[in-house]
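Since the structure comes first, as structure tokens, the remarks are kept for the end.
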2 protein chains.
Amino acid sequence: MNEYSLKKKVVNMVLDTNGKEKTDKHHKILEAAIKVFAEQGFFRSTISQIAKEAGVADGTIYLYFKNKDDILLQFYSYKTRKIFNKFREAVDKAENSGEKFRNLIRCHLREFQGDRNMAVVYIAEARKGQHLDPLLDELTKMYLDVLGEVVEQGQAEGLFRKDLYISLVKRYILGGVEAIISTWVYAGGKYDLESMADPLVDLFLRGIGSNDVVAGETP
Amino acid sequence: MNEYSLKKKVVNMVLDTNGKEKTDKHHKILEAAIKVFAEQGFFRSTISQIAKEAGVADGTIYLYFKNKDDILLQFYSYKTRKIFNKFREAVDKAENSGEKFRNLIRCHLREFQGDRNMAVVYIAEARKGQHLDPLLDELTKMYLDVLGEVVEQGQAEGLFRKDLYISLVKRYILGGVEAIISTWVYAGGKYDLESMADPLVDLFLRGIGSNDVVAGETP
DNA sequence: TTTTTTTCAATGAATACTCATTCATTTATC
DNA sequence: GATAAATGAATGAGTATTCATTGAAAAAAA
């Protein structure tokens with residue numbers, strides 16, 4: 001929106017000797033912001049609310065973030081990297097493509113369940129796409145790439161159908177998973193999200209049709 | 001936000017003798033607003049922009065709408081009703097559940113393709129759910145109900161599997177369809193959306209797995 | 001019919017208010 | 001004591017909403 005001139009070095013994400021993230025201001029503000037965003041949506045949230053939630057002064061936020069947009073941006077950047085590593089790991093530790101597929105979806109659900117505020121922000125704020133956040137697209141793209149990889153391997157292994165419209169399949173799977181997360185978020189996160197992985201994978205693999213009957217067609 | 005005291009009667013959606021909606025101010029403003037919302041997002045859009053797009057003065061908008069939020073609300077209310085009738089019709093005119101299912105999804109895609117601004121607003125703005133719009137939930141709920149109906153009938157007719165977790169299936173299908181619409185919107189609406197209906201239905205019915213192999217399990 | 005009066009939708013400048021952002025001052029750290 | 005970090009009140013840009021004024025058209029009077 002305005003000029004990007006950082007007056008001070010920022011991004012001093014300190015790690016303490018245990019390797020755990022030190023609860024420094026930067027982190028505290030980020031978490032507070034996501035909580036507020038999750039509750040009210042990005043545009044309704046004010047810097048003052050975030051500052052209060054983080055227990056700092058309004059001005060302090062500007063020592064760590066360029067502006068309000070930058071808070072969301074840094075959140076995406078941070079979480080996206082972190083989550084993507086988990087996804088990667090889940091896929092890589094599996095032997096065959098079927099297991100990779102199941103692991104990926106289970107991991108997706110588990111990670112979002114583990115950080116509900118993040119889930120809300122991703123689900124609610126992410127769709128806008130377009131201008132604010134190339135980062136968002138990046139996560140989506142990475143996810144789709146991993147999925148594509150798994151599906152193609154699955155085809156090679158004879159586990160998945162050969163006649164698939166891959167780009168459609170990728171979107172469709174991501175859509176299905178996000179719909180389940182969105183429902184869970186919306187229901188207040190009351191039930192166990194990860195346990196939806198198996199029924200969901202079953203749907204992806206077998207579909208809802210019985211036998212070989214293709215509904216709506218008259219062969 | 002403030003008190004709800006309407007000083008004048010509003011909502012005079014005039015129908016001319018042909019039954020077509022007369023292009024009165026109310027309608028003109030609504031369409032203009034959705035265009036602006038689609039381009040910039042609700043919060044970035046200003047009343048002045050909408051007024052300019054509609055070719056009226058800023059103040060005129062307040063003769064037809066309580067406030068900015070109300071524009072979005074009335075849009076949802078209006079479109080939701082309209083679209084739902086189409087969905088209903090698509091389902092009712094089919095004989096068997098398979099055809100109903102296919103019709104519903106095709107209709108969904110066709111309607112969204114036919115009004116891209118609407119699609120953008122629904123996809124981008126709708127996820128927030130929560131507070132602003134019980135209307136939104138209403139559309140979703142109606143859609144899920146119709147879907148549930150179709151799926152249950154399909155089970156009775158032996159077309160769909162009996163061992164389905166219905167509430168999961170409903171969400172999952174809506175998610176898949178929305179993902180396809182979202183992709184289309186995001187790609188700039190360049191290709192034909194309705195033609196995705198058949199491949200999509202195929203995925204829903206048959207899944208991506210080959211034969212009876214259930215991936216990731218070791219039976 | 002012509003003239004006068006009333007009405008009320010439409011206008012857009014003025015208002016009121018919200019917030020992101022700044023910066024002079026205070027507090028902590030070394 | 002000097003440097004760095006944090007503060008929060010003050011600023012002002014942006015914009016939703018209001019309302020006194022206008023003028024075209026309908027109704028009433030002539």
Side-chain angles (χ1 to χ4, degrees), chain A residues 1-14 16 22-37 39-75 125 131-132, chain B residues 1-14 22-34 36-37 39-75 125 131-132:
Chain A
M1 187 172 278
N2 349 32
E3 295 154 46
Y4 273 40
S5 57
L6 225 36
K7 285 186 188 128
K8 295 184 178 183
K9 286 294 163 42
V10 165
V11 189
N12 51 338
M13 196 163 291
V14 186
D16 70 16
K22 205 165 174 185
T23 63
D24 66 349
K25 291 258 157 65
H26 185 270
H27 220 262
K28 215 162 70 178
I29 293 169
L30 213 40
E31 291 293 340
I34 294 317
K35 184 170 177 214
V36 175
F37 291 163
E39 280 163 1
Q40 318 206 306
F42 178 76
F43 286 103
R44 289 190 216 279
S45 302
T46 71
I47 294 292
S48 289
Q49 289 175 312
I50 296 168
K52 184 188 277 185
E53 179 70 39
V56 301
D58 293 16
T60 305
I61 290 178
Y62 290 87
L63 298 175
Y64 297 92
F65 300 89
K66 222 165 10 205
N67 52 38
K68 193 182 165 189
D69 285 0
D70 189 44
I71 301 175
L72 198 55
L73 245 348
Q74 287 198 37
F75 165 75
E125 234 59 54
H131 309 297
L132 183 61
Chain B
M1 189 170 277
N2 351 33
E3 296 155 45
Y4 272 41
S5 57
L6 225 36
K7 287 191 188 121
K8 296 182 178 183
K9 286 292 163 42
V10 163
V11 187
N12 50 338
M13 194 163 293
V14 186
K22 205 166 175 183
T23 64
D24 67 349
K25 291 257 158 67
H26 185 270
H27 220 263
K28 216 163 69 178
I29 294 169
L30 213 40
E31 290 294 339
I34 294 316
V36 175
F37 290 164
E39 281 163 359
Q40 317 207 309
F42 178 77
F43 287 104
R44 287 190 219 279
S45 303
T46 70
I47 294 292
S48 290
Q49 289 175 311
I50 295 168
K52 185 188 276 184
E53 179 71 38
V56 300
D58 293 15
T60 305
I61 290 178
Y62 289 88
L63 298 176
Y64 297 91
F65 301 89
K66 219 163 14 203
N67 52 40
K68 193 181 165 189
D69 284 0
D70 189 45
I71 302 175
L72 198 55
L73 245 348
Q74 286 198 36
F75 164 75
E125 233 59 52
H131 308 297
L132 184 61

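Each chain gets a letter, A, B and so on, in the order the sequences are listed, and its residues count up from 1.
Comparing A/S45 and B/A57 along DNA chain C, the residue whose closest nucleotide (by nearest heavy atom) sits nearer the 5' end is B/A57. Projected onto DNA chain C by closest heavy-atom contact, B/T60 and A/T60 fall at different nucleotides, the more 5' of which corresponds to B/T60.
For the residue pair B/Q49 / B/E39, no side-chain donor-acceptor distance below 3.5 Å is found, with atom types taken as modelled.
As rounded to whole Å, 17 Å separates atom P of D/dA16 from atom NZ of B/K66. Summarising the geometry, the separation between CD1 on B/I61 and P on C/dG12 is reported as 12 Å, rounded to the nearest angstrom. Taking atom CZ of residue A/R44 and atom P of nucleotide C/dC17, one finds them 20 Å apart after rounding to whole Å. Separating the NZ atom of A/K25 from the C1' atom of D/dA4 is a distance of 12 Å, rounded to the nearest angstrom. When rounded to the nearest whole Å, the span between CD1 of A/I47 and P of D/dA10 equals 20 Å. Atom pair A/D69:CG and C/dA20:C1' shows a separation of 11 Å (rounding to whole Å applied). To the nearest angstrom, C1' of C/dT27 lies 14 Å from CG of A/L63. Between B/Y62 atom OH and C/dA14 atom C1' the separation is 14 Å, expressed in whole Å.
Closest heavy-atom contact between B/I29 and B/A54: CA-CB, 4.0 Å. What you find for B/N67 and B/Y62 is that their closest heavy atoms are CA-CE2, 3.9 Å.
Residue B/T46 places no side-chain N or O under 4.0 Å from the OP1 or OP2 atom of D/dT15.
Picking from C/dG12, C/dA9, C/dT11 the nucleotide with the shortest atom distance to the side chain of B/V56 gives C/dT11.
Remark: side-chain polar atoms of B/K68 are paired, donor with acceptor, to backbone N or O of B/F42 under 3.5 angstrom.
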